[in-house]
Structure formats: structure tokens, C-alpha cells
Asker: 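Dropping the structure in here first, questions after.
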Amino acid sequence: MTPYARRGVHGQTVEALARRILGGEIPEGATLDLVALQSELDVSLTALRESLKVLAAKGMVDARQKRGTFVRARADWNLLDADVLRWRFEGAGAEGADRSLLHNLAEVRAIIEPAAVRLAATRRTEDDLTALEAALDAMGRHDDADPGHAVDADLAFHRALLAATHNELLERMEMVIESGLAHRDRLVHSSPHSEPPVPAHRAVLDAVRDGDPAAAERAMRALLDQAGRDLARLDGTDDDPKGTGGQ
């Protein structure tokens, strides 16, 4: 169950409306028929309005006198919002994943993570190293029958790397990176043909521990290359140049 759906009727209504908008079922510019939606979703008008306030805060809907509540243009949506990213990835499904979104995120990772790991190599503390080591240990202990454990460990590792930069803005990039990582990890770790993730992550951690920025960057780029190979196998190709796998 997704985070908003755990929040009862209000959360389920937010999720339902968001997915319809993101999936194009309710198109940009469309005016919402609140009475019809209230009946269809079987919620009170109060619950519906509160849910629309959540989506308004994310730039997805707005309300105007004489026009009512309508879907804003995609250019106005907060696509970097963690919930919006998660809805986009989860709404795509395992078989119909939005590859363009995966590739967009891979390009963001290729820009951010190699540079971030250079900072981590020069700024990491003992606490940072402990967090990275714990995540790597968890990654090595994961049960193949439970891909969720591997996903959590991978997210913890990359979250700890960003934290080790001690740059608040870079740390916040976890909200952008994690949604894509979680989605791709679920795909990759459920496949028996993915490459073992621990060695590539160990190389990154070793370089960060040694305080070697250049080696840390090389190791991260190698990790992203491996990630690309993993997803390329799922796609049935062998030459995906973009780091879009579950690493």
C-alpha cells in the first residue's frame, strides 16, 4: 500500500485523482465535475475538496471563480515532488514502465552522483562511513526471495552517500533519486540475471573511505554503467548507455 493510501479515505482520494491526471484520464485544462467525482469515488464533498488542496499544492490543479476546479498545464506541475515522481513510476507498472522517465532520471543521476561522491570522499565523517557500511552489509544479506530488502538497502546506501556530502541541497536530491531507484530496483532485483550489486557499491565505499575523490568518481561511474547493463537485459538489449538499472 502506498503512503497516501495508508491515510484512509483522504489519502486514497488523493492517490486516485493524481493517477487519473498523470495518466491522462483527466487531461490538462479539463474542468472537474466535483459532484460526479464525489459520487464515483464515494467520498464526501469535504474529503474531495481536501484532496484537491493537496494536488493544488503540487501544482496539478487550481480553482477559479466562474471556471471551477481544473487541471493545470503540465508545465505547472511540480514534477520534482516526491509524491508526483512516485505516482508516475508506480502508475507505469512493471511491464509498461515509462522508459523516457527512467532515462531522464538516469541522466540526472549521471550528473549528480559522480560529483556528489567526490565531495563525500573529502567530507565524510566516521558516522557517514558507518551508515554506508551498514547499508552495504544489508545489501549483502538480502534474501533473493525478498527483493524489497535489497531495494531498501540500495536506497539507504545512496541516501547515505548524499548525506556524506554535507551539502543540504544535495541531500534533498534523495527525494528525486529515490522514487526512480525504488521502481527500477524492484524490476532489476526480481530478475535472476542482474549483476551482483555489492562489489560495485563496495568499490565506491572503499574510495570514499580512502578520501580519494577521483577514485570515488570512477567507481560511481562504473556502478552506473553496471546499472545500465542490468536494465538493458530486462529490455532485451545489450547496449543501453544510460545508467538505468537497479544500482
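What you are looking at is a predicted structure, and each value in this text was computed from that prediction instead of being measured. No hydrogens, no waters, no symmetry mates; every other heavy atom, side chains included, goes into these values.
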Asker: State which residues pass side-chain contact (heavy atoms from CB on, under 4.5 Å) with Ala163; sequence neighbours excluded, sorted by chain then number.
Answerer: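 Partners of Ala163 under the side-chain contact (heavy atoms from CB on, under 4.5 Å) test: Glu171.
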Asker: Taking only residues two or more places apart in sequence or in another chain, which ones pass side-chain contact (heavy atoms from CB on, under 4.5 Å) with Ala57?
Answerer: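 Checked Ala57 against side-chain contact (heavy atoms from CB on, under 4.5 Å); zero matches.
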Asker: Is there a side-chain contact between Val84 and Trp77 (heavy atoms, below 4.5 Å)?
Answerer: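 Heavy-atom side-chain distance check fails, nothing below 4.5 Å.
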Asker: Between Gln38 and Ser44 (side chain of the first, backbone of the second, donor and acceptor by atom type, cut-off under 3.5 Å), is there such a pair?
Answerer: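 Not a single qualifying donor-acceptor pair exists.
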Asker: Identify, with sequence neighbours excluded, every residue that meets side-chain contact (heavy atoms from CB on, under 4.5 Å) alongside Ala16.
Answerer: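 Residues passing side-chain contact (heavy atoms from CB on, under 4.5 Å) with Ala16: Leu41.
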Asker: Please name the pair of heavy atoms, one in Leu85 and one in Leu80, separated by the smallest distance, quoted to 0.1 Å.
Answerer: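 Result for this residue pair: CD1-O, 4.0 Å.
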Asker: Which residue pairs pass the salt bridge (Lys or Arg N to Asp or Glu O under 4.0 Å) test with at least one member in residues 41-56, sequence neighbours excluded?
Answerer: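 Listed by first then second residue: Glu50-Lys53.
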Asker: Just jot down the salt bridge (Lys or Arg N to Asp or Glu O under 4.0 Å) partners of Arg67, sequence neighbours excluded, or say none.
Answerer: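 Counting only residues at least two positions away or on another chain, Arg67 forms no salt bridge (Lys or Arg N to Asp or Glu O under 4.0 Å).
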Asker: Under 3.5 Å, side-chain donor or acceptor atoms of residues 118-128 against the rest of the protein: list the pairs with distances, not counting sequence neighbours.
Answerer:
unit_1: Arg118; atom_1: NH1; unit_2: Glu217; atom_2: OE1; d: 2.8
unit_1: Thr122; atom_1: OG1; unit_2: Leu119; atom_2: O; d: 3.0
unit_1: Arg123; atom_1: NH1; unit_2: Thr165; atom_2: O; d: 3.0
unit_1: Arg124; atom_1: NE; unit_2: Val208; atom_2: O; d: 2.8
unit_1: Arg124; atom_1: NH2; unit_2: Arg209; atom_2: O; d: 2.6
unit_1: Thr125; atom_1: OG1; unit_2: Asp127; atom_2: N; d: 3.3
unit_1: Thr125; atom_1: OG1; unit_2: Asp128; atom_2: N; d: 3.2
unit_1: Thr125; atom_1: OG1; unit_2: Asp128; atom_2: OD2; d: 3.1
unit_1: Asp128; atom_1: OD2; unit_2: Thr125; atom_2: N; d: 2.9
unit_1: Asp128; atom_1: OD2; unit_2: His166; atom_2: NE2; d: 2.7

Asker: If the condition is salt bridge (Lys or Arg N to Asp or Glu O under 4.0 Å), which residues does Asp212 pass it with, not counting sequence neighbours?
Answerer: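 If we apply the salt bridge (Lys or Arg N to Asp or Glu O under 4.0 Å) test to Asp212, skipping adjacent residues, there are no hits.
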Asker: With a 4.5 Å limit on heavy-atom distance, are the side chains of Leu79 and Arg88 in contact?
Answerer: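 Sidechains of Arg88 and Leu79: in contact.
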Asker: Tell me whether Gln226 contacts the main-chain N or O of Pro196 through its side chain, where contact means a donor paired with an acceptor under 3.5 Å.
Answerer: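 A pair under 3.5 Å: yes.
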Asker: Who are the side-chain contact (heavy atoms from CB on, under 4.5 Å) partners of Ala131, not counting sequence neighbours?
Answerer: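 So Ala131 forms a side-chain contact (heavy atoms from CB on, under 4.5 Å) with Ala160.
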Asker: Quick one: list whatever passes salt bridge (Lys or Arg N to Asp or Glu O under 4.0 Å) with Arg72, sequence neighbours left out.
Answerer: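 Salt bridge (Lys or Arg N to Asp or Glu O under 4.0 Å) list for Arg72, sorted by chain: Asp76.
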Asker: Taking only residues two or more places apart in sequence, or in another chain, which ones meet Glu40 in a side chain to side chain donor-acceptor pair (under 3.5 Å)?
Answerer: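 Glu40 satisfies side chain to side chain donor-acceptor pair (under 3.5 Å) with Arg20 only.
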Asker: Are the side chains of His158 and His201 in contact, using a 4.5 Å heavy-atom criterion?
Answerer: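 Of all side-chain heavy-atom pairs linking His158 with His201, at least one is under 4.5 Å.
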